[in-house]
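Here the structure comes first, spelled out in C-alpha cells, and everything after it is commentary.
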Amino acid sequence: MLRERVITALLMLAGLLAAVFYLPTTGWWIACGALGLAAAWEWAGLFNLPSAVRWGYGVVVAAAVVAFAAIASPAIDAALFVLSALFWMLVAPPWLKQRWRLSGGAVLSLILGLVILLPSAVALARLREANVWLMLAVMAVVWVADIAAYFGGRAFGRRKLAPEISPGKSWEGVYSGLAGVLLYGAVVFSVWMPFVPQRLGWPIALLLLLALSALSVIGDLFESLLKRQAGLKDSSGLLPGHGGVLDRIDSLTSTLPLVALWALVWRLAGS
C-alpha cells in the first residue's frame with residue numbers, strides 16, 4: 001500500500017507541476033474547474049445522492065469555478081474567501097466537537113459543498129496568478145504537516161486526537177506535524193521568502209504557519225466526520241492508494257481560501 005501511495009503521489013505531483021508551469025491562465029482555470037468537478041462529484045456521493053445529481057452538481061461547481069476565476073473581481077473573491085474563513089474558524093470547530101449530522105436533505109448538503117469547495121478552487125486559481133511559488137509553498141505546508149503527522153503518529157502516537165471521528169490520528173501526530181511545519185517555515189522564510197518575516201516579524205510569521213497547520217487539521221477531520229457518518233472509508237477510489245480527490249484536498253479546502261484572502265489584502269494594501 002505504501003508503494004502504491006508513493007507512486008500515485010509522485011504522479012499527482014508531476015501533473016500538478018506540469019499544469020502550474022505550462023498551462024496558460026485559461027487552461028489553469030479549467031484545471032481548477034476539473035478539480036472542483038471531481039471533488040463535487042465525490043461530495044454529493046457522501047450524501048448518497050443519485051448519479052445524475054452527482055454529475056450535475058460536479059458540472060455546476062466546475063462552471064462556477066471557471067466563471068468566478070474569469071470575472072476576476074476582488075470584491076467577489078474577498079466575499080468567497082471571507083465566507084470560507086468564517087466557516088472554518090467559527091462553524092467547523094463546534095461542528096466537530098458536537099459531531100453534528102447534517103440534516104435538511106440534499107439541498108442543504110449541496111449548499112454546504114459550495115461553501116467548502118468553491119472558495120478553495122477559486123483560491124487555487126488566484127494564488128497561481130498572484131505568485132506561483134507562494135501557492136506551492138502554502139500547499140507544501142499542508143503536505144509537510146500531513147507527512148510529519150503520519151510518521152510521528154506511527155512512531156509516537158499514544159493519545160487519540162478524535163477517536164470518534166478518525167481513530168488513526170493522535171495528538172503526538174499533530175505535534176509532529178506542527179514541528180515539521182515550523183522547521184519547513186524556518187527554511188522557506190530564510191532562503192526563498194525572506195520578505196514575509198521582514199514585514200511581519202519572525203514570531204508572527206511562524207505563528208501564522210501554526211495557525212494554518214491547525215486549520216489544515218480541522219479540514220482533514222471535517223471530511224473524516226462526513227465519511228464516518230456516511231459509512232465510507234474513502235470519498236472514492238479515483239486515486240489508487242489515496243482514496244478520492246476529497247481525501248487529498250480536505251486540508252487544502254480549509255487553508256487555501258485564507259491564504260488567498262491574505263494575498264488579496266496584501267496586494268490591495270500595496271497598490
Side-chain angles (χ1 to χ4, degrees), residues 1-3 5-6 8-10 12-13 16-17 84-85 88-89 92-93 96-97 120 123-124 127 131-225 241-243 246-263:
M1 178 62 73
L2 181 60
R3 180 173 178 271
R5 284 175 64 89
V6 170
T8 302
L10 291 175
M12 289 191 295
L13 180 61
L16 171 66
L17 294 178
S84 176
W88 289 114
M89 291 190 291
L96 288 171
K97 183 177 181 180
S120 53
L124 196 61
L127 285 172
N131 188 313
V132 64
W133 294 108
L134 172 64
M135 183 193 77
L136 292 174
V138 170
M139 296 176 77
V141 169
V142 173
W143 300 334
V144 168
D146 188 45
I147 294 171
Y150 174 78
F151 287 104
R154 285 176 63 90
F156 309 111
R158 296 292 183 273
R159 296 174 297 159
K160 298 299 183 182
L161 173 64
E164 302 88 356
I165 298 175
S166 184
K169 292 182 175 59
S170 66
W171 280 106
E172 290 80 6
V174 172
Y175 300 146
S176 299
L178 294 178
V181 166
L182 285 178
L183 179 60
Y184 163 80
V187 172
V188 169
F189 289 153
S190 297
V191 179
W192 293 293
M193 300 174 66
F195 60 88
V196 175
Q198 285 172 5
R199 182 145 181 190
L200 299 176
W202 274 97
I204 298 299
L206 293 177
L207 280 174
L208 288 176
L209 277 184
L210 291 179
L212 205 61
S213 301
L215 273 180
S216 75
V217 173
I218 292 174
D220 188 348
L221 287 176
F222 191 80
E223 197 237 352
S224 295
L225 174 63
H242 288 265
L246 276 176
D247 298 321
R248 293 279 54 83
I249 68 168
D250 48 10
S251 298
L252 293 173
T253 59
S254 58
T255 53
L256 286 180
L258 193 64
V259 176
L261 178 62
W262 174 80

Determine whether Leu13 and Trp143 make a side-chain contact, defined as any pair of heavy atoms from C-beta on separated by less than 4.5 Å.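 Yes; the side chains approach each other to less than 4.5 Å.
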
Looking at every heavy atom in both [X] and [Y], which two are closest together, and how far apart are they?
X      : Y      : value
Thr253 : Trp88  : O-NE1, 3.2 Å
Gly152 : Ser176 : CA-OG, 3.3 Å
Ser170 : Gly157 : OG-CA, 3.5 Å
Leu161 : Pro163 : C-CD, 3.8 Å
Pro93  : Met89  : CG-O, 3.6 Å
Met193 : Leu134 : CE-CD1, 3.7 Å

Sequence-distant partners of Trp192, ring pair (Phe, Tyr, Trp, His ring centres under 6.0 Å), two or more places apart: none

side-chain hydrogen bond (donor to acceptor under 3.5 Å, both in side chains) partners of Ser166, counting only residues at least two apart: Lys169

Of all pairs that satisfy salt bridge (Lys or Arg N to Asp or Glu O under 4.0 Å), the ones with a partner from residues 172-189, not counting sequence neighbours: Arg159-Glu172

Which residue pairs pass the salt bridge (Lys or Arg N to Asp or Glu O under 4.0 Å) test when at least one of the two sits in residues 173-189, sequence neighbours left out?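 For residues 173-189, and leaving out neighbouring residues, there are no salt bridge (Lys or Arg N to Asp or Glu O under 4.0 Å) pairs at all.
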
Any chance CH2 of Trp133 has more than 12 other-residue heavy atoms, nucleotides or ligands included, within less than 6.0 Å? no

How long is the span from the [atom1] atom in [X] to the [atom2] atom in [Y], to the nearest 0.5 Å?
X      : Y      : atom1 : atom2 : value
Leu127 : Met139 : CG    : CE    : 9.5 Å
Asp247 : Asp220 : CG    : CG    : 9.0 Å
Leu207 : Trp202 : CG    : CH2   : 12.5 Å
Leu256 : Ser251 : CG    : OG    : 10.0 Å

Is there a side chain to side chain contact (heavy atoms under 4.5 Å, CB included) between Asp250 and Phe222 once you walk through the steps? CA-CA 8 Å; Asp250 48 10; Phe222 191 80; over 6 Å; no

Identify each donor-acceptor pair in which a side-chain atom of residues 179-186 lies under 3.5 Å from a protein atom, sequence neighbours left out, and give them as a table.
| residue | atom | partner | partner atom | Å |
| --- | --- | --- | --- | --- |
| Tyr184 | OH | Ala137 | O | 2.8 |

Who pairs with [X] by side chain to side chain contact (heavy atoms under 4.5 Å, CB included), at least two apart in sequence or on another chain?
X      : result
Asp146 : Arg248
Ala162 : Ile165, Leu221
Thr255 : Val142, Leu212, Leu215, Ser216, Leu252
Leu178 : Val174, Leu210, Ser213

Would Leu206 and Leu209 count as a side chain to side chain contact (heavy atoms under 4.5 Å, CB included) if you check the C-alpha gap in whole Å, the side-chain angles of each, and the deciding distance to 0.1 Å? CA-CA 5 Å; Leu206 293 177; Leu209 277 184; 4.3 Å; yes

Evaluation steps, side chain to side chain contact (heavy atoms under 4.5 Å, CB included), between Trp262 and Val138: CA-CA 12 Å; Trp262 174 80; Val138 170; over 6 Å; no

